[in-house]
Amino acid sequence: MANTLDRSMSNTSDEIASSSRALLSKYPRTTMQTPGSQINVGILGATGTVGQRFITLLSAHPWFIIHALGASPRSAGKSYVKAVKWKQVTPIPQGVKDMVVQECIPKHFMDCAIVFSGLDADVAGDIEGAFRAADLAVFSNAKNYRRDPHVPLIVPLVNPSHLSIIPQQQSLHSPPLKKGFIVTNANCSTTGYVIPLSALEKAFGPIELLLVTTMQAISGAGYPGVSSLDIMDNIIPYISGEEEKMEWETLKILGGVTQDDQGVKSFDMHAAQPLRVSASCNRVPVIDGHTECVSVRFARRPPPSPQQVREALSAFTPDAQTLGCPSAPRHAITVHEEPDRPQPRLDRYYQDGAGVSVGRVRQCQVLDIKFVVLANNVSIGAATSSIINAELAVLKGVVPS
């Protein structure tokens, strides 16, 4: 039964991805600026689910050239096509098939200006730390450094200003670094809903209370992920550590960076207007696309109307768009007027999953406003975020081009 289900899911994904790519060709992305030359990049955890997504996205990138691939010792020395169990809906890019996989050791990546990490959290901490110590710029999808007080936790459509703490991260390292640093992107469930939250705070001031209930896709658990006997005909109302991550990460992302009298910078965790977050996380039988039901209360009274909220969400334009990041979506937030949208199967591949979709914006009888947000957890919720973070770092001069 599981094999039949896998084939059915794969065929459905192929059809959706094919139709999505045809639709995307009609919707060009933002006009982009380009760096002075193409930039070599490496990928850690290249044979895993997130690593495969990095390869898919980077293989046609206008700036970044895949120069080195890293994976476990058992994969090292093999050609990529022989080392990987490919699980993407598009074939392995031709330029990557015959690349030799290396161990995740800095010496194999010294010609890379940027290293993307799709490593599992069990091994990411030490490896990413070693790459930073070797003066390499690491953009990580792993959780290990998200709580580090000197490491920015960036959702690229929300808080690229947090890149400003990188010089401090470099100077405090022993020995001090010239080029090396770590930037993390957020948990996939956090990423989706902080984008509309950021738009609302910019338009209407601080949010003081929010409730979020997630319906999270099985791909968020990686491969092989959740057992078919557990997820078929079922909802699992628990994802280990997920609720705590959402509640904490939201504060770091939506908060600012402050500087004391000695010039030391820190993340203020939304301290100027305390924000209370309550998250409930559930795993549901959907392949890709996290759906989240969100209710918010604003500090300012009276609160905005649902129509004002729709207009603010539609008008939201992040720095990644205005600066010309090639992987940024044309529309950061797509607002649906239909009463039954967004839906994962219909909306997760719009703009190649680089933006989010919001619908059902309405008045909340307990708080102020409630809405539904959908984000593609394997795109903007993972590899796409890391790639846009790196593009922003190039455009802002954090990574020399």
Side-chain angles (χ1 to χ4, degrees), residues 1-17 19-20 48-50 52-53 85-89 118 120-122 141-143 186-194 210-250 277-295 336 338-350 353 356-360 366 370-383:
M1 180 182 295
N3 289 338
T4 301
L5 177 64
D6 287 345
R7 287 195 296 272
S8 174
M9 286 181 171
S10 178
N11 290 339
T12 301
S13 294
D14 287 343
E15 293 167 2
I16 294 170
S19 61
S20 173
T49 304
V50 176
Q52 292 177 31
R53 186 64 178 162
K85 189 172 185 179
W86 189 254
K87 288 294 177 180
Q88 303 302 300
V89 298
D120 187 84
D122 291 343
N141 188 69
K143 68 180 181 180
N187 187 52
C188 51
S189 55
T190 306
T191 298
Y193 90 135
V194 296
L210 71 88
L211 307 176
V212 56
T213 299
T214 73
M215 293 165 277
Q216 295 179 224
I218 55 176
S219 58
Y223 182 85
V226 184
S227 164
S228 60
L229 289 176
D230 287 331
I231 198 62
M232 288 177 65
D233 188 32
N234 201 23
I235 292 173
I236 301 172
Y238 173 72
I239 304 173
S240 179
E242 197 81 353
E243 294 168 357
E244 293 81 5
K245 281 188 281 188
M246 288 191 74
E247 292 168 355
W248 188 89
E249 289 179 6
T250 300
V277 183
S278 178
S280 299
C281 297
N282 308 272
R283 188 75 70 192
V284 299
V286 169
I287 301 171
D288 293 331
H290 289 353
T291 305
E292 301 174 347
C293 299
V294 185
S295 295
H336 294 269
E338 304 93 328
D340 61 349
R341 300 282 285 276
Q343 296 179 26
R345 192 168 63 185
L346 299 179
D347 301 309
R348 61 191 167 199
Y349 296 116
Y350 179 58
V356 300
S357 295
V358 172
R360 301 210 66 213
V366 177
K370 55 186 176 180
F371 57 88
V372 177
V373 58
L374 170 73
N376 189 317
N377 55 293
V378 298
S379 296
I380 191 61

On a heavy-atom basis, which atom in [X] and which in [Y] lie closest, and how many Å separate them?
X      : Y      : value
Ala382 : Asn141 : CA-OD1, 3.2 Å
Ser379 : Gly353 : CB-O, 3.3 Å
Cys188 : His290 : SG-NE2, 3.2 Å
Gly192 : Ala375 : CA-CB, 3.5 Å
Pro342 : Gly359 : CD-N, 3.5 Å

Above 12 or not: heavy atoms from other molecules or residues under 6.0 Å from CG of Asp233?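 Atom CG in Asp233 is not packed in, count stays at 12 or less.
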
Using the side-chain hydrogen bond (donor to acceptor under 3.5 Å, both in side chains) criterion, which residues pair with [X]? Sequence neighbours excluded.
X      : answer
Arg341 : Asp347
Glu242 : Asn187, Ser189, Gln216
Ser219 : Asp288, Asn377

Are the side chain of Thr190 and the backbone of Thr250 linked by a donor-acceptor contact shorter than 3.5 Å?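 Side chain of Thr190 to backbone of Thr250: no pair is present.
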
When you measure from the side chain of Asn376 to the backbone N and O of Arg348, does any donor-acceptor pair fall under 3.5 Å?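 Yes.
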
Are any of the side-chain heavy atoms of [X] and [Y] separated by less than 4.5 Å?
X      : Y      : answer
Asp230 : Ile236 : yes
Ile239 : Asn282 : no
Ser278 : Val212 : no
Val226 : Arg283 : yes
Ile380 : Thr191 : yes

Who passes side-chain contact (heavy atoms from CB on, under 4.5 Å) against Val284, sequence neighbours left out?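 Once residues adjacent in sequence are excluded, the partners of Val284 under the side-chain contact (heavy atoms from CB on, under 4.5 Å) criterion are Met215, Ile235, Val286.
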
Is there a side chain to side chain contact (heavy atoms under 4.5 Å, CB included) between Tyr238 and Glu243? Walk through the geometry before answering. CA-CA 9 Å; Tyr238 173 72; Glu243 294 168 357; 5.8 Å; no

Could you grab the distance from atom [atom1] of [X] to atom [atom2] of [Y], nearest 0.5 Å is fine?
X      : Y      : atom1 : atom2 : result
Lys370 : Leu210 : NZ    : CG    : 15.0 Å
Arg360 : Phe371 : CZ    : CZ    : 13.0 Å
Ile231 : Ile218 : CD1   : CD1   : 6.5 Å

Val373 and Thr291: side chain to side chain contact (heavy atoms under 4.5 Å, CB included), yes or no, with the steps? CA-CA 6 Å; Val373 58; Thr291 305; over 6 Å; no

Of all residues at least two apart in sequence or in a different chain, which pass the salt bridge (Lys or Arg N to Asp or Glu O under 4.0 Å) check with Arg53? Asp352

Run the salt bridge (Lys or Arg N to Asp or Glu O under 4.0 Å) test against Glu292 and tell me which residues pass, sequence neighbours left out.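 Glu292 satisfies salt bridge (Lys or Arg N to Asp or Glu O under 4.0 Å) with no other residue.
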
Report the C-alpha separation of Val358 and Val372 in whole Å, then their side-chain angles, then the decisive distance to 0.1 Å, and conclude whether the side chain to side chain contact (heavy atoms under 4.5 Å, CB included) test is met. CA-CA 6 Å; Val358 172; Val372 177; over 6 Å; no

Would Met246 and Thr214 count as a side chain to side chain contact (heavy atoms under 4.5 Å, CB included) if you check the C-alpha gap in whole Å, the side-chain angles of each, and the deciding distance to 0.1 Å? CA-CA 10 Å; Met246 288 191 74; Thr214 73; 3.7 Å; yes

